[in-house]
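Each remark here refers to the structure printed beneath this line.
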2 protein chains.
Amino acid sequence: MTMQAKGPTRGRKSEASRAQILDAAARLLRDQGYGAMTLRQIAERADIKAGSVYYHFASKDEILDAVLARGLHVVIEAVEGRLAALPAGAGHLERIAAAVAAHLEALLAHGDYTSAGIRTFGQVPEASRQKDERLREEYIALWQHLLQQAQAAGEIRADLDTSVLRALLLGSLNWTVEWYDPARQPVETVATQTVDILFRGIAAPPMDARAKPGAR
Amino acid sequence: MTMQAKGPTRGRKSEASRAQILDAAARLLRDQGYGAMTLRQIAERADIKAGSVYYHFASKDEILDAVLARGLHVVIEAVEGRLAALPAGAGHLERIAAAVAAHLEALLAHGDYTSAGIRTFGQVPEASRQKDERLREEYIALWQHLLQQAQAAGEIRADLDTSVLRALLLGSLNWTVEWYDPARQPVETVATQTVDILFRGIAAPPMDARAKPGAR
DNA sequence: CAATTTACCTAACTAACGTTAGATTGAAAA
DNA sequence: TTTTCAATCTAACGTTAGTTAGGTAAATTG
């Protein structure tokens with residue numbers, strides 16, 4: 001009577017299997033897409049038989065939903081956490097730089113889940129897509145505010161359309177899952193260069209501005 | 001005897017059906033991914049029966065290859081054509097701007113084919129992926145040269161890693177297929193803004209630089 | 001120890017897949 | 001008119017998909 005009624009008692013073994021199933025599904029989803037990912041493949045990688053998957057999940061779609069939700073959550077929490085940890089007096093550009101770094105780091109650290117979501121969003125059944133649409137919209141709104149406030153404060157140029165800017169920026173960030181190779185450079189380097197290009201642009205400064213060094 | 005031996009005579013009807021099959025396949029590939037795209041769906045949209053598809057293509061993979069190749073070709077040819085049409089004395093930044101615009105315009109004008117390739121590259125069978133890998137590599141090399149020469153000429157900053165820059169740039173361009181809405185703004189506007197942000201960055205110029213107007 | 005429950009397996013079902021062989025149609029060629 | 005052939009259909013083949021029902025070993029509970 002000490003234990004409350006909260007459904008079947010799931011032990012540590014179950015959690016481990018569940019994790020293995022999700023890991024396998026995330027990888028397969030990333031590499032093959034939703035339609036080509038089979039429960040038998042998932043089961044094989046999780047070291048169980050296909051039928052046993054249904055002890056942990058009610059359907060293939062439920063596995064999909066879990067993978068997508070985790071890929072989204074991990075990035076959102078990283079960015080929100082990083083922003084919250086910033087000193088109160090942080091400038092707007094500083095906040096944007098922190099958000100870029102956090103987004104990139106979370107994205108590439110949990111590559112299978114995040115890139116599964118990025119690649120297959122748009123190819124997934126309507127029902128699954130709508131499930132975390134609100135979360136996704138909130139995340140987009142977060143970036144939108146970040147940019148708008150920076151613009152209102154005069155820290156980014158007034159002539160930019162922040163909607164287009166946000167889309168371009170998030171695009172270049174999300175696309176890193178397609179080319180980033182941890183053996184070539186640490187994530188931090190990519191983040192630093194991205195912010196640098198984003199803030200200052202790629203064009204070399206004109207001659208007369210180049211003479212005075214160390215403006216920073 | 002007036003006709004040479006060159007296999008079965010394919011008429012206009014056949015070409016029309018072939019085009020319908022490819023259009024349907026491109027859209028389905030984009031929306032569902034390779035594994036979920038079925039020949040019966042393709043056939044239905046092309047207004048024929050599933051078995052008849054095999055009169056035009058030997059296999060599902062062959063359809064896939066045709067869609068992917070077309071998506072790639074259309075972009076490459078647009079960019080190379082635009083660059084070739086540039087006056088001989090065009091500056092490096094001017095060349096980059098032209099390439100960005102051409103890439104974006106081709107990408108978004110042939111949305112189904114290009115975004116099918118972008119979304120499903122990496123989820124497609126090895127054999128199909130390798131088929132136009134050389135073309136893809138050549139296209140990447142084109143951009144790499146474009147950026148490197150601009151850097152060598154001193155038109156883009158010397159402290160940038162052109163490999164990372166190229167990846168980030170192509171990422172933000174390719175991602176436009178996920179968010180671009182022709183009802184909101186013309187492609188040219190997006191291209192212009194992308195180039196503007198790319199060259200000058202988003203940060204507002206410092207106060208002392210803002211006084212002198214019309215530096216261009 | 002007996003009873004229960006967890007976590008899995010086995011074996012099967014139906015549905016749908018890519019693919020194929022053999023008719024069938026309609027228009028052009030002879 | 002007869003022949004021919006491009007273009008399609010019909011009907012099926014073997015395979016594999018997601019899913020389910022019923023069984024089982026091991027651990028937990030009483």
Side-chain angles (χ1 to χ4, degrees), chain A residues 1-25 28-29 31-67 120 123-125 127-128, chain B residues 1-25 28-29 31-67 120 123-125 127-128:
Chain A
M1 282 267 183
T2 63
M3 187 169 280
Q4 285 177 304
K6 53 169 180 177
T9 307
R10 301 243 129 119
R12 276 151 219 108
K13 183 83 184 300
S14 179
E15 269 182 39
S17 286
R18 204 188 135 94
Q20 276 185 301
I21 291 173
L22 285 182
D23 284 354
L28 287 167
L29 190 63
D31 290 345
Q32 309 184 346
Y34 176 64
M37 171 181 80
T38 75
L39 285 174
R40 286 169 174 83
Q41 286 177 315
I42 295 176
E44 194 184 9
R45 298 202 184 193
D47 260 318
I48 55 177
K49 294 297 158 64
S52 308
V53 173
Y54 284 80
Y55 180 77
H56 302 276
F57 295 92
S59 68
K60 185 184 174 185
D61 280 24
E62 202 173 271
I63 303 177
L64 171 72
D65 293 346
V67 170
T120 58
Q123 297 183 340
V124 124
S128 297
Chain B
M1 279 268 184
T2 62
M3 186 169 281
Q4 286 175 305
K6 54 168 177 177
T9 307
R10 300 243 132 118
R12 277 153 218 107
K13 184 85 183 296
S14 179
E15 268 181 38
S17 287
R18 204 187 135 95
Q20 276 185 300
I21 292 172
L22 285 182
D23 284 354
L28 286 167
L29 191 63
D31 289 345
Q32 309 185 347
Y34 176 64
M37 171 181 80
T38 76
L39 285 174
R40 286 171 173 83
Q41 285 178 316
I42 295 175
E44 194 185 8
R45 298 201 183 195
D47 260 316
I48 55 178
K49 294 297 156 64
S52 308
V53 174
Y54 284 81
Y55 180 76
H56 303 276
F57 296 92
S59 68
K60 184 184 175 184
D61 281 25
E62 203 173 88
I63 302 177
L64 171 73
D65 292 347
V67 170
T120 58
Q123 297 183 342
V124 124
S128 297

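FYI, side chains are in, hydrogens and waters are out, and symmetry mates aren't considered; it's all heavy atoms of this structure. Here is the naming used below: chain letters follow the sequence lines, and residue numbers restart at 1 for every chain.
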Worksheet entry | Phosphate contact (D:dT8 OP1 or OP2) by B:Ser17 side-chain N/O below 4.0 Å | yes
Item to complete: Nearest whole angstrom, please: distance from the C1' of C:dA7 to the CD1 of A:Ile21.
Response: 11 Å
Worksheet item: Are side-chain heavy atoms of B:Leu64 and B:Ser59 found at a separation under 4.5 Å?
Response: no
Fill in: Interatomic distance, B:Gln32 CD vs C:dA16 P [rounded to whole Å]
15 Å
Practice prompt. Would you indicate what B:Ser52 reaches in the nucleic acid, counting non-hydrogen atoms under 4.0 angstrom: base, sugar-phosphate, or nothing?
Written response: base
Worksheet item: Think B:His56 has a side-chain N or O under 4.0 angstrom from the OP1 or OP2 of D:dA6?
Response: no
Worksheet entry | Side chain proximity check, B:Ile63 to B:Leu39, heavy atoms < 4.5 angstrom | yes
Discussion item. Is A:Tyr54 close enough to D:dT20 that one of its side-chain N or O atoms is under 4.0 Å from OP1 or OP2 there?
Written reply: no
Practice prompt. To the nearest Å, give me how far apart CG (B:Leu39) and C1' (D:dA17) are.
Written response: 16 Å
Fill in: Integer-rounded Å distance: D:dA6 C1' and B:Ile48 CD1
14 Å
Discussion item. Would you say that B:Pro125 contacts B:Tyr34 through its side chain, given a criterion of any heavy-atom pair below 4.5 Å between the two side chains?
Written reply: yes
Fill in: Whole-Å gap separating P (D:dG18) and CG (A:Leu64)
12 Å
Practice prompt. Report the distance from atom CZ of B:Arg40 to atom C1' of D:dT10, rounded to the nearest whole Å.
Written response: 12 Å
Discussion item. For the residue pair A:Lys60 and A:Tyr54, would you count it as a cation-pi contact if the rule is NZ or CZ under 6.0 angstrom from the ring centre and within 45 degrees of the ring axis?
Written reply: no
Worksheet entry | A:Ser59 side chain, from C-beta outward: closest of D:dT19, D:dT10, D:dT8 | D:dT19
Worksheet item: Nearest-Å distance, CZ (A:Phe57) to P (C:dC8)?
Response: 12 Å
Fill in: Gap between atoms NZ and P, on B:Lys49 and C:dA16 respectively (whole Å)
17 Å
